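Single-structure report; data block below.
Small disclaimer: the values here were computed from a predicted structure and weren't measured.
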Amino acid sequence: MGLKEDFRNGTTLEQRLKLKAKLGLNINTEYKFGNKSKKINKLNQVFLDQNLNNSFDKFYKNFDKEVSKRKSFQYKTAYGHFRKLPIIENMIMYETFHGNSMTDNPFALFLEIVKQDTEKKYTHVWVLSHNPEEDIQVQRFTGMENLYFVDLYSDEYLSAIARAKFLINNTSFPPYFFRRDEQVYINTWHGTPLKTLGKDMAGSYGQHKNLARNFLQTTHILSPNHFTGEKIVYSHDIDGVYQGEVIEEGYPRIDLAQTTSAKYLDDVLMKDVEFDKNKKTVLYAPTWRGEVDNVGNINNELLQKVFLMKKSLPNNYQILLKVHPLLYKYVKNDNRFENIVISDYLDINEISAFIDVLITDYSSAFIDFLATKKPIILFQYDQEQYLADRGVYIPLDQLSMPIVTSDAELEKLLQNVDSLTSEYIEFNEFAYTQEGNSSQKVINHIFKNQNVETVNYSNSLKNVLIWTGELTKEKIGQINNLSGLHKNILLWHPAKVSVEEEPFIKKLKNNIKIFYNVGEIVFDQKDYVLLCQ
């Protein structure tokens with residue numbers, strides 16, 4: 001999106017000026033780029049020798065050229081500048097799916113903080129990457145005086161991630177972000193992993209590199225159950241070296257499925273889709289296919305499945321569609337899904353309070369839905385291909401809810417949908433923490449130091465960091481020999497793995513942790529001129 005002078009994300013001019021003042025973005029301190037900075041640069045006559053001053057000016061011009069060529073350079077140097085400004089103690093920044101929505105665990109925590117903060121001492125900053133006028137969720141809160149919406153990668157965004165005392169994210173911040181010592185960074189993640197994560201995923205090596213980097217910087221990781229905490233930690237190779245807390249007190253977002261009132265139905269959901277209160281409701285919530293950076297368009301496939309469900313269900317049922325955020329961009333403007341596809345901007349757990357049956361596939365949505373104690377169907381029509389491409393942690397044949405792998409099986413099951421059971425053994429493994437008060441427990445721990453259930457994944461071993469450059473058979477042998485030492489062996493690898501290196505990485509011993517180089521050194525304009533030329 002780039003850095004923006006306008007502030008279009010649902011915040012009034014008066015609010016914008018207040019936020020800019022809080023963030024230090026006024027006429028004296030706002031970070032400028034290109035020609036806008038040159039008048040200020042002329043004041044930087046820091047050398048008595050004129051030749052040195054001339055060189056200094058030349059390096060400033062080089063900086064301006066870099067700014068004009070690369071947006072990433074703009075962002076990281078602006079961020080580097082803001083990191084030098086003081087932390088804002090009462091500011092909380094929230095980001096869900098890189099600004100795609102105001103939902104998920106960060107949203108549930110936001111609701112709890114607002115509920116407890118009767119004095120309105122906290123400033124809430126939400127990241128958005130879209131126009132708020134189309135966001136039905138944002139419209140619910142635009143009247144809050146201490147709530148601000150910032151554009152992804154804007155000056156306001158970059159200053160907030162550099163200066164807000166509290167950072168809450170369900171995925172990851174940019175590669176140039178690194179937490180300041182005074183900051184509290186809560187990574188909530190976004191689901192119990194039925195599908196593989198991190199280094200366990202099939203496909204390109206290092207897909208998870210920025211996630212691993214983010215997890216290592218957090219002060220807290222939220223986990224709804226022990227299974228999830230272990231998978232996050234071990235699949236991103238942070239076991240032994242992670243110094244933060246893994247909180248196992250349930251997912252805040254699942255509270256919403258248990259506590260959302262009927263008012264939400266009238267004020268929000270029925271303004272988004274056609275909803276008949278006199279009918280029961282089936283929600284179809286499929287996940288995405290492909291790799292993180294290469295998500296497939298499955299609109300035609302989705303439409304065929306929706307028609308099949310409509311045809312098969314009894315007349316007293318209606319069907320709604322809620323797709324994964326990575327799929328929403330394909331369906332939102334497809335009029336074939338009009339009136340049934342729920343906006344990506346709405347939270348699926350709030351909606352779940354009004355759903356009678358969930359149909360999903362490999363999505364962790366079914367694990368969240370366990371807390372409602374309502375029927376679940378897993379429709380895995382592409383099971384063989386999907387599992388070959390991605391893989392799962394939980395053997396599908398061990399799940400207690402019905403799994404159907406063909407249209408004919410689903411049709412038969414839906415014709416008898418009222419006879420489905422809602423008692424599943426998975427509740428005891430995955431939903432045992434969900435008592436409707438997870439948000440309260442997490443917030444009371446972080447803000448009031450109240451005790452919660454935590455798991456420590458660190459150890460007291462010394463860390464050995466190895467930088468090898470391109471891997472070879474000989475280097476792998478030498479690295480594997482180190483695995484016998486009573487130490488954490490950390491391999492630092494260039495970001496891209498060549499085809500020739502792939503067989504060597506497969507031969508690394510399991511206790512060797514591998515991190516992939518991601519991001520760049522962060523500096524501001526003056527540091528660039530003085531140190532980087």
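Side-chain contact between Phe447 and Ile113 is present, with heavy atoms from C-beta onward closer than 4.5 Å. The shortest side-chain heavy-atom distance between Phe141 and Trp126 does not fall under the 4.5 Å cut-off. For the pair Ile88 and Thr123, the minimum side-chain heavy-atom distance is 4.5 Å or more. Side-chain contact between Leu158 and Tyr75 is present, with heavy atoms from C-beta onward closer than 4.5 Å. You'll find the side chain of Asn187 stays beyond 4.5 Å of the side chain of Gln217, heavy atoms only. Counting heavy atoms from C-beta outward, Lys475 and Phe504 have side chains that stay 4.5 Å or more apart. Side-chain atoms of Ile351 and Lys322, non-hydrogen and from C-beta on, do get closer than 4.5 Å to each other. Proximity of Gln139 to Thr142: side-chain heavy atoms (C-beta onward) are separated by under 4.5 Å at one or more points.
There is no side-chain donor-acceptor pair under 3.5 Å between Tyr234 and Asp200. Under the 3.5 Å distance criterion, with hydrogens and angles disregarded, a donor-acceptor pair is assigned to the side chains of Tyr345 and Glu134. No donor-acceptor contact under 3.5 angstrom links the side chains of Ser204 and Gln207, judged on distance only. In the model, Thr96 has no side-chain atom that pairs as donor or acceptor with a side-chain atom of Ser101 under 3.5 Å.
Expressed to the nearest 0.5 Å, how far CD1 of Ile168 lies from CD of Glu95 amounts to 12.0 Å. Here the NZ atom belonging to Lys209 is positioned 11.0 Å from the OG atom belonging to Ser172, to the nearest 0.5 angstrom. The CZ atom of Arg179 sits 11.5 Å away from the CZ atom of Phe173 when rounded to the nearest 0.5 Å. Between the CD1 atom of Ile221 and the CG atom of Leu216 there is a distance of 8.0 Å, given to the nearest 0.5 Å. One distance of note links NE2 of His208 with NZ of Lys199; it measures 7.5 Å at 0.5 Å rounding. Interatomic distance, CD of Glu156 versus CG of Leu19, reported as 6.0 Å (0.5 Å rounding).
Under the 6.0 Å distance and 45° angle rule, Arg83 counts as a cation-pi partner of Phe178. For Lys71 and Tyr153, the positive end is not near the middle of the six-membered ring at less than 6.0 Å and at most 45° from its axis.
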Apply side chain to side chain donor-acceptor pair (under 3.5 Å) to Thr228 and Thr192, showing your working.
-> CA-CA 5 Å; Thr228 300; Thr192 293; 3.0 Å; yes

side-chain contact (heavy atoms from CB on, under 4.5 Å) between Leu111 and Leu256, worked out = CA-CA 10 Å; Leu111 292 179; Leu256 303 178; 3.9 Å; yes

Stepwise side-chain contact (heavy atoms from CB on, under 4.5 Å) test for Tyr242 and His236 | CA-CA 10 Å; Tyr242 179 61; His236 291 88; over 6 Å; no

Could you walk me through whether Phe337 and Leu302 pass the side-chain contact (heavy atoms from CB on, under 4.5 Å) check?
-> CA-CA 9 Å; Phe337 298 99; Leu302 275 176; 3.9 Å; yes

Just do the side-chain contact (heavy atoms from CB on, under 4.5 Å) check on Tyr157 and Asp151 with the steps written out, would you?
-> CA-CA 6 Å; Tyr157 171 84; Asp151 192 24; over 6 Å; no

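Checked by atom type and distance alone, the side chain of Asp237 pairs as donor or acceptor with a backbone atom of Ile514 at under 3.5 Å. When atom types are taken as modelled, the side chain of Ser498 and the backbone of Glu501 share a donor-acceptor pair closer than 3.5 angstrom.
Heavy atoms of other residues, nucleotides or ligands lying less than 6.0 angstrom from CG of Asn481 number more than 12. The number of heavy atoms from other shown groups lying within 6.0 Å of CD (Glu145) does not exceed 12.
Taking each heavy atom of Ser363 and Thr287 in turn, the nearest pair found is CB-CB, 4.0 Å. Between Ile232 and Ser235, the shortest heavy-atom contact is O-OG, 3.6 Å. Lys121 and Asn90 make their closest contact through O-CB, 3.4 Å (heavy atoms, listed as atom of the first residue, atom of the second, distance). In plain terms, the two heavy atoms of Leu23 and Leu85 that are nearest each other are O-CD1, 4.3 Å. Minimum interatomic distance between Asn100 and Ser129 (heavy atoms only, all atoms of both residues): OD1-OG, 3.4 Å. The heavy-atom pair separating Thr171 from Trp189 by the smallest distance is CA-CZ3, 4.2 Å.
By the salt bridge (charged side-chain N to carboxylate O under 4.0 Å, His left out) test, Lys507 pairs with no residue at all, sequence neighbours left out.
Ring-centre distance between His190 and Phe97: below the 6.0 Å cut-off. For an aromatic pair to be called close, the ring centres must be under 6.0 Å apart, and Tyr457 with Phe215 fails this.
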